[in-house]
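So that the names make sense, note that chain A is the first sequence line, chain B the second, and so on, each numbered from 1.
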Amino acid sequence: MTTNTSYPLKRVDFIFLNENDWKQILSKTLKRDKQEIINCLMSSELKGRGGAGFPTGLKWKLTSDSEADEKFVICNADEGEPGTFKDREILSQVPQKVLTAMAVCAYVIGASKGFIYLRGEYKFLQHALTNAINEFEHYCEDIGFHFQTSIFMGSGAYICGEETALFDSMEGKRGEPRNKPPYPTSFGYLGKPTVVNNVETLAHAFTIFKYGAKKFRDLGVQYSRGTKLFSVSGDTPTPGIFELELGMTLQDFVEEFGDGDTKAVQVGGASGFLVPRKRFSETAIGYQGRLTGISLPTGGSMMLFNSTRSMYNVLHNYLDFFREESCGQCTPCRVGCQQLLAGIEAVKRGEKHSSYLEKLLKLSETMQLTAKCGLGQSVANSFASIVENFWEEMVF
Amino acid sequence: MNSTQALIKDLAIRYGRERTSLLPILQGVVEQEKYLTEFSMIEIAKELDIPASDVYGTASFYSFLETKKMGRYIIRVCKTITCFMKGKNQVLLTIEDMLNITLGETTPDGKFTLLQTNCLGWCHKAPAMMVNDEVYTELTPERVREILGQYFRRNE
Ligand SMILES: Cc1cc2nc3c(=O)[nH]c(=O)nc-3n(C[C@H](O)[C@H](O)[C@H](O)COP(=O)(O)O)c2cc1C
Ligand code: SF4
Ligand code: FES
């Protein structure tokens with residue numbers, strides 16, 4: 001029994017292809033039955049592109065099923081994961097696609113208000129985006145659809161990209177993640193059912209409304225359908241943003257984007273995994289699935305490192321990032337990040353025996369199990385994959 | 001009413017006096033004054049009728065809502081991995097040298113403050129930095145000298 005679980009690398013062009021037909025797609029889609037739109041998204045097998053990979057159709061359905069006097073749709077443009085810069089480009093080049101998908105979502109779930117949570121670092125986009133929103137709202141009015149969108153600016157906090165921290169931030173509080181459940185689909189912004197989708201997820205939804213579910217689903221591999229934007233940076237002759245069909249192996253990726261001397265690739269940003277050269281060919285890029293062997297969930301950050309780089313410095317940089325960006329609300333994460341950083345420094349300086357790294361690995365495992373949100377839980381991803389694969393670089 | 005009070009009144013009229021207006025109001029003050037003083041936070045608390053400690057609690061959470069005195073131009077150099085690999089330290093040294101201050105300091109004339117920040121979302125054009133809301137990418141010491149030179153010549 002064989003199932004295709006990886007494909008050769010294939011470049012595609014949907015997201016940035018702009019045929020300026022959003023008005024047509026919007027009017028057409030708003031005439032469709034709500035349930036039918038949900039079914040279409042479900043059969044496309046679109047999964048969230050913000051990192052967690054939750055099925056988008058199901059998210060819209062759950063929110064649509066929640067009873068409430070008010071609901072919201074929020075586009076998550078906090079894009080703070082190191083090595084990710086695709087959402088910025090979508091919002092500068094094709095904001096109408098994102099707004100169209102937000103409006104369709106509002107129609108499906110029964111909302112009339114949308115927000116774009118835009119990270120403070122992207123304030124330069126605010127003006128053009130506001131103009132795009134004005135034009136969009138005008139058109140909605142023209143076709144008799146009541147939908148308003150506003151931009152909510154962030155202020156330099158990575159954790160606010162976590163959806164419940166994002167709600168608290170919009171509510172004028174510290175951006176500290178909430179306990180889940182309740183989930184945003186029933187209790188989100190201001191306690192109302194809320195869909196939070198990543199910028200890119202919404203752009204793909206536009207593709208699906210335009211071309212139909214089948215066209216999208218036919219791309220990619222099992223469990224990882226469609227295309228994905230990859231933000232490529234580091235030691236590469238061609239840094240930039242590339243739309244690729246999901247499911248290629250890391251080997252293919254490195255052949256395309258590497259500089260001939262790639263020693264490791266960090267997939268999914270600081271909260272993702274480091275893959276060393278010896279495992280490039282057995283690693284497929286997509287969402288985890290039973291049949292896919294080693295497959296990595298990914299927000300699309302791909303950082304390449306060549307043999308001139310010290311993996312100790314890389315890990316040190318990531319841990320410094322987490323230590324600063326941890327909201328400090330729960331002990332395993334707040335103290336854990338500090339201890340991991342201090343720990344690898346002590347080993348490097350020779351003040352601790354190399355076996356101390358084992359203790360630190362245990363600590364990162366504990367964080368994975370006990371931290372309250374995805375930030376603290378995912379520190380172990382890069383920590384373990386770097387320490388285990390580059391043990392000697394940590395010590396000498 | 002001094003200018004800060006007037007500004008806060010204006011912002012409250014524009015954004016409303018709900019708790020959900022707190023961040024936009026704080027951002028509005030920072031946009032004009034570059035940082036939040038105790039006075040402005042107390043004024044905001046009065047305007048929204050919430051405890052001043054809530055205003056401070058929220059403000060202190062966000063790295064772009066400074067509660068310490070800042071210069072009129074806040075320089076934030078990205079220190080995350082790709083910028084680090086592509087020469088962020090040279091950028092930093094060039095700025096320190098030109099401004100004669102070290103990281104975290106403000107020039108005596110109150111014009112520039114030098115800070116570091118995390119990934120700005122321009123890694124494919126690293127190293128990157130922001131000066132207030134403006135982003136500069138593909139920095140080299142020469143380009144930094146050119147950019148800062150333009151700010152030196154700016155009088156306001
Ligand atoms: C620490 C942390 C940071 C996150 N940052 C972002 C972000 O910047 N953008 C984003 O879309 N999702 C981010 N997420 C994921 C969101 O919580 C949420 O799952 C996502 O926005 C849902 O949209 P999607 O289903 O379309 O991916 C983050 C999650 C965590 C735990
Ligand atoms: S895991 Fe870290 S970021 Fe998440 S709630 Fe706990 S302290 Fe905050
Ligand atoms: S690492 Fe500096 S912009 Fe991303």
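The residue among B/V135, B/L22, B/L23 with the most heavy atom pairs within less than 4.5 Å of chain A is B/L23. Ranked by heavy-atom pairs under 4.5 Å with chain B, the first of A/R309, A/H316, A/K86 is A/R309. Contacts with chain B were tallied for A/E121, A/E171, A/R174; A/R174 has the most, counting heavy-atom pairs under 4.5 Å. Comparing A/G234, A/G83, A/A157 by how many heavy-atom pairs each has under 4.5 Å with chain B, the most go to A/G234. Most heavy-atom pairs under 4.5 Å with chain A: of the set B/T117, B/D133, B/I81, this distinction falls to B/I81. Counting heavy-atom pairs under 4.5 Å between each of B/C83, B/S21, B/G57 and chain A puts B/G57 at the top.
In this structure, chain B has a heavy atom under 4.5 Å from the side chain of A/E324, while its backbone stays farther away. With a 4.5 angstrom heavy-atom cutoff, A/L125 does not touch chain B via any of its atoms. Only the side chain of B/T82 comes within contact range of chain A, judged by heavy atoms closer than 4.5 Å. For a residue to count as touching a neighbouring chain, one of its non-hydrogen atoms must lie under 4.5 Å from one of that chain's; by this rule A/Y318 touches chain B with the side chain only. For a residue to count as touching a neighbouring chain, one of its non-hydrogen atoms must lie under 4.5 Å from one of that chain's; by this rule A/C160 touches chain B with the side chain only. Contact annotation for A/T308: neither backbone nor side-chain heavy atoms come within less than 4.5 Å of a heavy atom of chain B. In this structure, chain A has no heavy atom under 4.5 Å from any part of B/K125. Both the backbone and the side chain of A/M153 come within contact range of chain B, with heavy atoms under 4.5 Å apart. There is no contact between B/E66 and chain A, counting heavy-atom distances below 4.5 Å. Within the 4.5 angstrom heavy-atom criterion, atoms from both the backbone and the side chain of B/M85 approach chain A. Of the atoms belonging to A/E89, not a single heavy atom falls under 4.5 Å from chain B. Only the side chain of A/K123 comes within less than 4.5 Å of a heavy atom of chain B; its backbone N, CA, C and O stay farther away.
No side-chain donor from either of A/Y122 and A/S92 sits under 3.5 Å from a side-chain acceptor of the other.
Taking the six-membered ring where the residue is Trp, A/Y189 and A/F115 present perpendicular rings, their angle passing 60° and hence far from 30°. Ring-plane geometry between B/Y73 and B/Y151 is classed as perpendicular, the angle between the planes exceeding 60 degrees on a 0 to 90 degree scale with a lower cut at 30.
To the nearest 0.5 Å, atom CZ of residue A/F305 and atom CG of residue A/D235 are 8.0 Å apart. The CG atom of B/L115 sits 11.0 Å away from atom CD of B/E105, with the distance rounded to the nearest 0.5 Å. Atom-to-atom distance recorded for B/I74:CD1 and B/M129:CE is 14.0 Å, nearest 0.5 angstrom.
Not less than 6.0 angstrom separates the ring centroid of A/F230 from the ring centroid of A/F257. Aromatic pair A/F167/A/Y117: ring centres not closer than 6.0 Å.
Between A/R49 and A/D87, no side-chain nitrogen of the basic residue sits less than 4.0 Å from a carboxylate oxygen of the acidic one, so the salt-bridge criterion is not met. Under a 4.0 Å N-O distance rule, the pair B/R17/B/E47 qualifies as a salt bridge.
The side-chain hydrogen bond (donor to acceptor under 3.5 Å, both in side chains) test with A/Y158 singles out one residue from A/E81, A/E325, A/E79, and that residue is A/E81.
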